[in-house]
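Working notes, beginning with the structure itself.
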2 protein chains.
Amino acid sequence: MVGIREIAKRANVSISTASYAMNGSSKVKPETRNRILAIAAELNYIPNMAGRILKKQKTNLVGVYLTNYGGAFYGELVSGIHEFLHQHHYDVIICSGERAHVFIPEKMIDGAIILDSTFSTETIVEYANRGHQMVVLDRELTQKNICSVRLNNQQGALEAVTQLNKAHSHKIYLVSGPSETYDSNARLHAAIRYLTENNSPYEIIAGDFSKKSGRAAARYILAKQEKMCGVFCLNDEMAIGMYSVFQKSTWQIGKDISIIGFDNIEVSHYLKPRLATIDYSKTEWGEKAAQKLFSMMNGEPTTDELIDVHLKGGESIGDF
Amino acid sequence: MVGIREIAKRANVSISTASYAMNGSSKVKPETRNRILAIAAELNYIPNMAGRILKKQKTNLVGVYLTNYGGAFYGELVSGIHEFLHQHHYDVIICSGERAHVFIPEKMIDGAIILDSTFSTETIVEYANRGHQMVVLDRELTQKNICSVRLNNQQGALEAVTQLNKAHSHKIYLVSGPSETYDSNARLHAAIRYLTENNSPYEIIAGDFSKKSGRAAARYILAKQEKMCGVFCLNDEMAIGMYSVFQKSTWQIGKDISIIGFDNIEVSHYLKPRLATIDYSKTEWGEKAAQKLFSMMNGEPTTDELIDVHLKGGESIGDF
DNA sequence: CTGTTAGCGCATTCAC
DNA sequence: GTGAATGCGCTAACAG
């Protein structure tokens, strides 16, 4: 492997001069620099990352922690992150699995963006206390070295139940996500509050954000044999599961029952009838997160931020 | 930041003894080891990755290069890779963008798995010649340090056109992907060969694997006003685009026209009528790729491999 | 069993 | 403008 010392030797300069030349320091005569660069190019010299990191104590790498790559909207989210950070000379790597958590204290990355409910808040706080900087997308967490960029769950839930309430005098079902996730709880809480204030009957069905739990919820509702009710699925995935069950039944979505989801993931574009859902820009979310992390890494003060969401109508709530 | 020398000092041992203790060498008395480990834990010691990498010349990291994270089936593919490599003490990071290519010669990762047609074969070969090991999923490439794990495109294309040919005496359209991609060419070639041998009329429509090009192809076909023809979309994405156009027309998919896709991505499960497509296990693909890379990194000989594919029927080809 | 020591590849401070 | 020397944090060969 050809290292910097080899370059220096061939160019008849010292190692430091070679290094200066590579890094574009003005301390080297243009003539000398060009000669060195030419030799480096010729020998296909590529600096070793570990060496540089060790010296500079900076990797220019940001880690994005996601639970499962299959996740419905990670693509756009990551694009947003990527685009911003690239512009600011950072590279982005996607990490998943608990073992990758250690990249943070190991100083393999300069900062992290986390959307992974299996990443314990305890660990995150511990890392923050060690001085590592993170942006969390899936929880509220106010502390030094941590910044939170969340969806406006409250607004979304409110729009959803308001719409369902307008359409149905009957009961409204709320299909929740895992009880330990922030997003589920925030949406559920806002929905319940609204329904309570309006004396609207509702029932909570425990789900876990998976299609399977959506199917289970649908079967539960069917068994009640009470048509003309509304369902707020706290994410689209569950709504999709619901569809598959209702479509095998005699109930018609958008007529006998109204459904609203959350996330506006791509798959739901292809459902018939079109699923009404709470939409937001995944790209913006990623970009904002990246911005915040960048600011933190530059020692600038940051504040938490909410991403706007809005109801995207669809035939699944009929014509109300 | 607390380093190994700090631990050593507090434990009244030398740096090397501390290091041995951490790495579980049998050269250290259990008693001493425990004392050292206790102190390390107390000080929240976490070894610095750059230091270790620099010394060991090994990162235990594998990079997976993907074009766009939104890609329809990356989730399962990556799970397959992850699962295998994790078991063998490697961590996996997902990379994208040209700038990340340099991780390979920089020795930031011990090996790479590539499914990214924007990653030039030239560069890959150059890296291989430098001694870096890679598994490519989207091209044929036989050379030292490179192993290829591809889909059995030929078999898939053959099954698709055979099925279409059975159903239609009329023309068969082949909607291609970008002309520079291996998968598109392989599928196209196999399909053409079969059709030529059987004297079946066909026409190629140039696409680029995007929904948009699928829509364009559909409009082109509609304009011909010749029903009862078959379409082999070289991927599902384009088939989905086609659906949206035909469904706004008077033509009925599966009746006036037959469509077969390739990939069996999740979205196509929700199309009505169900899209017939060429299916394969994405997880198996990832796992095989990981296996091959692991073998290479251990200096074992490897051979290229093909992943089995098979036709998954659907209503989009009617009842033939 | 434990300590001393020499790098891994690079960037940078300080002399010249 | 250039070179020699130092250290980043860690491992492992070698000596004790």
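A donor-acceptor pair shorter than 3.5 Å cannot be found between the side chains of A:Asn152 and A:Tyr280. Between the side chains of A:Ser79 and A:Tyr74, no donor-acceptor pair is found at a separation under 3.5 Å. For B:Ser19 and B:Ser16, the side-chain atoms include no donor-acceptor pair closer than 3.5 Å. Side-chain polar atoms of B:Asn153 and B:Asp183 form a donor-acceptor pair below 3.5 angstrom.
Other residues, nucleotides and ligands place more than 12 heavy atoms under 6.0 Å from the CZ atom of B:Arg35.
In this structure B:Glu305 satisfies the side chain to side chain donor-acceptor pair (under 3.5 Å) test together with B:Lys288, B:Lys292, sequence neighbours excluded. Looking at residues two or more places apart in sequence or on another chain, you find no side chain to side chain donor-acceptor pair (under 3.5 Å) involving B:Gln57. For A:Asn129, the side chain to side chain donor-acceptor pair (under 3.5 Å) partners at least two apart in sequence or on another chain are A:Gln143.
On the nucleic acid side, DNA chain D contacts chain A at distances under 4.0 Å to non-hydrogen atoms, with the end points of that region at D:dG1 to D:dG9. Mapping heavy-atom proximity under 4.0 Å, the span of DNA chain C touched by chain B runs 5' to 3' from C:dC1 to C:dG9.
For the pair B:Phe84/B:His88, a side-chain contact is recorded, criterion being any heavy-atom separation below 4.5 Å from C-beta on. Looking at heavy atoms from C-beta onward, B:Ile7 lies in side-chain contact with B:Ile36 at the 4.5 angstrom threshold. The shortest distance between side-chain heavy atoms of A:Trp285 and A:Arg150 does not fall below 4.5 Å.
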List the steps and the verdict of side chain to side chain donor-acceptor pair (under 3.5 Å) for B:Arg139 and B:Thr121.
CA-CA 8 Å; B:Arg139 66 200 81 194; B:Thr121 297; 2.9 Å; yes

Run the ring-ring contact (aromatic ring centres under 6.0 Å, His included) test on A:His86 and A:Tyr90 for me, step by step, so that the C-alpha distance in whole Å, both residues' side-chain angles and the decisive distance to 0.1 Å come before the verdict.
CA-CA 5 Å; A:His86 237 238; A:Tyr90 276 88; over 10 Å; no

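Of the inter-residue distances, the one linking A:Phe119 atom CZ with A:Tyr127 atom OH reads 5.5 Å to the nearest 0.5 angstrom. The CD1 atom of B:Ile4 sits 9.5 Å away from the OG1 atom of B:Thr17 when rounded to the nearest 0.5 Å.
Near-neighbour residues of DNA chain C inside residues 3-12 of chain B, defined by a heavy atom below 4.0 Å, number-ordered: B:Asn12. Non-hydrogen atoms lying under 4.0 Å from DNA chain D are contributed by A:Leu54, A:Lys55, all within residues 34-55 of chain A. Within residues 13-21 of chain B, the residues approached by DNA chain D to less than 4.0 Å at the level of any non-hydrogen atom are B:Ile15, B:Ser16, B:Ser19, B:Tyr20, in residue-number order.
Of the residues near DNA chain C, B:Lys56 and A:Asn23, the one whose nearest nucleotide (by heavy atom distance) lies more toward the 5' end is B:Lys56. Map A:Met22 and A:Lys27 each onto its nearest nucleotide of DNA chain C; the residue landing nearer the 5' end is A:Met22.
Within the structure, every pair that satisfies the side chain to side chain donor-acceptor pair (under 3.5 Å) test and touches residues 102-111 of chain A, not counting sequence neighbours, is listed here: A:Lys58-A:Asp110, A:Thr59-A:Asp110, A:Glu106-B:Arg52. Applying the salt bridge (charged side-chain N to carboxylate O under 4.0 Å, His left out) definition to pairs two or more places apart or across chains, none involves residues 119-135 of chain B.
When heavy atoms are screened at a 4.0 angstrom cut-off, A:Lys29 is found touching the sugar-phosphate backbone but no base atom.
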Only distances under 3.5 Å count here; give the side-chain donor-acceptor pairs of residues 26-33 of chain A to other protein atoms, sequence neighbours excluded, each with its distance to 0.1 Å.
from    : atom 1 : to      : atom 2 : distance (Å)
A:Arg33 : NH1    : A:Ser25 : O      : 3.4
A:Arg33 : NH2    : A:Ser25 : O      : 3.2

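Rounded to 10 degrees, the angle separating the terminal axes of the helix from C:dC1-D:dG16 to C:dC16-D:dG1 is 40°, with each axis obtained from five end pairs.
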